[in-house]
Protein chains: 2
Amino acid sequence: MNSTTKPVTRSQQKQQDIVRAAEQVFIECGYRGASVDAIAERAQVSKRTIYNHFNNKESLFQHITNLLIEEVVRSSSVVYDREQPLDKQLFDILSGAWDALTSQKLIELVRVITSEYMLNPAMSRETMERITKGEEGMNIWLKAAIADKRLKPVDVEFAATMLRGMVHEYGHHPMLFFGMPAPSKKEKQHTLTEIVAVFLGRYQAGSE
Amino acid sequence: MNSTTKPVTRSQQKQQDIVRAAEQVFIECGYRGASVDAIAERAQVSKRTIYNHFNNKESLFQHITNLLIEEVVRSSSVVYDREQPLDKQLFDILSGAWDALTSQKLIELVRVITSEYMLNPAMSRETMERITKGEEGMNIWLKAAIADKRLKPVDVEFAATMLRGMVHEYGHHPMLFFGMPAPSKKEKQHTLTEIVAVFLGRYQAGSE
DNA sequence: AATCAAGTACACCGCGCAGTTTACATATTT
DNA sequence: AAATATGTAAACTGCGCGGTGTACTTGATT
């Protein structure tokens, strides 16, 4: 998934060990339940070393959160294409989002992050903004499709929310909240096809 | 919201005090962050008394969870009506769900419950089942509409999920995850109208 | 008035944790 | 080889929590 960065100095190597171990321990125990001692042991590193790299437990957690967001944002760029049929484009976009959202590692990290942030609005505010900003891609695509007169002039925020709600409810929340396995390729295919049809059925220019 | 039950004995009164105080402290501190001492103080009750009513912190938490579920389930019964237009019926059903989901107290409790359960699958399994069972109402209504030949013969589970995804994304998640205020009446009206139109546009019998 | 369940105050136990200190060891750089 | 930066081990400081035991008081029931 991530962590394909290359450590060169010993210090960087240690830091990577710490981050990887911390991800695991946070996933297993949650933010509050994770002890710095446990992370140190898992990383095969002295506890003092952790505090040399990070001011405290929270900043280590924030660091991990930032890595995750960065990666998700990087993987979700979308470009409107005047040549392609609308339904195919929308399907592909949703398909990309679906794949990202059903990654096991992402699910596990989102679980612990969400769990902590729900109780800790102060800690989450800034991060949440960065996330919604990362979802900007869909809005841009919708605007382009409207400008190209292939979509009715809907409120793009409203429309994006609708799509996100459906994709999440089928492809993300069952894993996140209920620990269900990722849907099969067939289920994904069928689900996204229906979502696209439902959405374009009302919002494609010239429909009904 | 709830708690309109009447204590008669002193013991029942104390128990109610404990439960109400616990709800508040759990909301403020989360499950793990809430100390039994804090609950005792808030309830104006000896800590020992709490342990006379509940075996441990977890069972107190479960008790609160159960009360919440019970109430939500009670408030969400739905009956299919052959006389009423489909869109009106669906709107009314979603409207009821919307109102329940945007109640401030429910939001606050769901936040702390979800937060803990995401980290604690063992603790959540049974509860989660009870919740999904509580959502059975929509499935029944959909089945009836299909039997009445007013809806295409869709997979009711699939259709219910779609509706739930949209309603939650507009009317529940912004409050739950981002601490946003409840949407206005106007927003609710507009949102639900669109959801109904999008849904029936594809699934009403005889459409397109 | 007597009885008995229920509540209370409070000390106590054991535990685990975030974060620090110190004295020492190991790499890396020059 | 010397100097410097980084890592290590282990003990230590506070602190707060879940849960228990006990001796005592309060309130309801008969």
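Both backbone and side-chain heavy atoms feed into the values below; hydrogens, waters and symmetry mates do not. So you know, we letter chains A, B, ... as the sequences are listed, proteins then strands, and number each from 1.
For S46(B), whose side chain is taken as the heavy atoms from C-beta onward, the closest listed nucleotide among dT20(C), dA9(C), dT28(C) is dA9(C).
Between the NZ atom of K14(B) and the C1' atom of dA5(C) there is a distance of 14 Å, given to the nearest Å. Regarding K57(A), its NZ atom lies at a distance of 8 Å from the P atom of dG19(C), rounded to whole Å. Atom-to-atom, NE2 of H53(B) to C1' of dA6(C) comes out at 8 Å; the value is rounded to the nearest Å. The distance from atom CG of N52(A) to atom P of dT21(C) is 12 Å, rounded to the nearest whole Å. Here the P atom of nucleotide dA9(C) and the CD1 atom of I50(B) are 12 Å apart, to the nearest Å. The OH atom of Y51(A) sits 13 Å away from the P atom of dT21(C) (whole-angstrom rounding). Put simply, CD1 on I39(A) is 11 Å from P on dG19(C), counting in whole angstrom units. In this structure, the CG atom of D37(B) is 13 Å from the P atom of dA9(C), given to the nearest Å.
Heavy-atom distances to DNA chain D give each of R10(B) and N56(B) a nearest nucleotide, and the one nearer the 5′ end belongs to N56(B). Positionally, the nearest nucleotide of DNA chain D for N55(B) lies more toward the 5' end than for the other of N55(B) and T9(B).
Among residues at least two apart or in separate chains, side chain to side chain donor-acceptor pair (under 3.5 Å) pairs with a member in residues 132-147 of chain B are Q89(B)-W141(B), N139(B)-E157(B).
In this structure, R125(B) places its CZ atom where only 12 or fewer heavy-atom neighbours from other residues, nucleotides or ligands lie under 6.0 Å away.
There is a side-chain donor-acceptor pair under 3.5 Å between Q16(A) and R20(A). Donor-acceptor pairing under 3.5 Å is lacking for the side chains of T65(A) and T127(A). A side-chain donor-acceptor contact under 3.5 Å links S95(A) and K188(A). Q13(A) and D17(A) share a donor-acceptor pair across their side chains, judged by distance under 3.5 Å alone.
When heavy atoms are screened at a 4.0 angstrom cut-off, K47(A) is found touching base atoms of the nucleic acid.
A heavy atom closer than 4.0 Å to some atom of DNA chain D occurs in A34(B), S35(B), V36(B), these being the qualifying members of residues 29-36 of chain B.
Scored by the ring-ring contact (aromatic ring centres under 6.0 Å, His included) test, F158(B) finds Y170(A), H190(A) as partners (sequence neighbours excluded). Legend: residues meeting ring-ring contact (aromatic ring centres under 6.0 Å, His included) with H172(B), ordered by chain and number and at least two apart, are H168(B). Residues forming a side-chain contact (heavy atoms from CB on, under 4.5 Å) with S184(A) (at least two apart in sequence, or on another chain): K186(A), E187(A).
Along DNA chain D, the stretch of nucleotides lying under 4.0 Å from any heavy atom of chain B spans, 5' to 3', dC17(D) to dG27(D).
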